[in-house]
Amino acid sequence: GSAAATAITHPQLWTAALWAYERYPYWPSVLTLEALVVVAEGALIAWMAMLRLDRAMLVSLAANAGSLALGLWLQR
């Protein structure tokens, strides 16, 4: 479920990020886009894995927070 949700949302995330980074400050763009992805992936995970929505949102939040942290660490 999580891998499929990521595969579904990340092409749109990167398209939106490339658009947003040219128009808005970096951190507001990152945080807004990440929040939208957490919500979208949480809904997809809940539906695909038949999890309660609150649990699916926690799975999505944990996965995206870890991914963001790793990306920031690699960027330094």
Side-chain angles (χ1 to χ4, degrees):
S2 296
T6 297
I8 291 167
T9 60
H10 273 65
Q12 288 80 15
L13 168 66
W14 282 106
T15 300
L18 293 173
W19 178 86
Y21 294 162
E22 294 179 359
R23 290 163 178 81
Y24 302 103
Y26 179 75
W27 282 109
S29 297
V30 168
L31 296 175
T32 300
L33 293 169
E34 284 291 336
L36 290 171
V37 166
V38 166
V39 171
E41 288 183 4
L44 286 167
I45 292 166
W47 175 62
M48 290 186 290
M50 295 189 307
L51 283 177
R52 285 188 1 213
L53 187 58
D54 60 337
R55 290 185 181 182
M57 289 294 173
L58 285 174
V59 169
S60 177
L61 179 62
N64 282 286
S67 172
L68 177 62
L70 180 61
L72 293 172
W73 182 75
L74 291 172
Q75 185 181 14
R76 61 179 182 99

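- Note: Thr6 OG1 to Asn64 CG = 6.5 Å, rounded to the nearest 0.5 Å.
- Summarising the geometry, atom NE2 belonging to His10 is positioned 12.0 Å from atom OG1 belonging to Thr15; distances are rounded to the nearest 0.5 Å.
- Taken from CG in Leu13 to CG in Leu18, the straight-line distance is 9.0 Å, to the nearest 0.5 Å.
- Atom CG of residue Leu58 and atom CG of residue Leu53 lie 10.0 Å apart, to the nearest 0.5 angstrom.
- With rounding to the nearest 0.5 Å, the separation of CG in Leu68 from CD in Gln75 is 9.5 Å.
- Following chains of ILVMFWY side-chain contacts shorter than 4.5 Å, one cannot reach Val37 starting from Trp14, and the two form parts of different hydrophobic clusters.
- Note: the hydrophobic cluster containing Leu72 also contains Val30 (ILVMFWY, side chain heavy atoms under 4.5 Å, direct or indirect links).
- Judged by distance alone, with hydrogens and angles left aside, the side-chain atoms of Thr32 form a donor-acceptor pair with the main-chain N or O of Pro28 at under 3.5 Å.
- Using a distance-only test at 3.5 Å, with no hydrogens or angles considered, no donor-acceptor pair links the side chain of Ser60 to the main chain of Ala56.
- Residues Ile45 and Met57 have side chains not in contact (no heavy-atom distance under 4.5 Å, counting atoms from C-beta outward).
- A donor-acceptor contact shorter than 3.5 Å links the side chain of Arg23 to the backbone of Trp19.
- The shortest heavy-atom contact between Pro11 and Ala7 is CD-O, 3.2 Å.
- Separating the OG atom in Ser29 from the OH atom in Tyr21 is a distance of 6.5 Å, to the nearest 0.5 Å.
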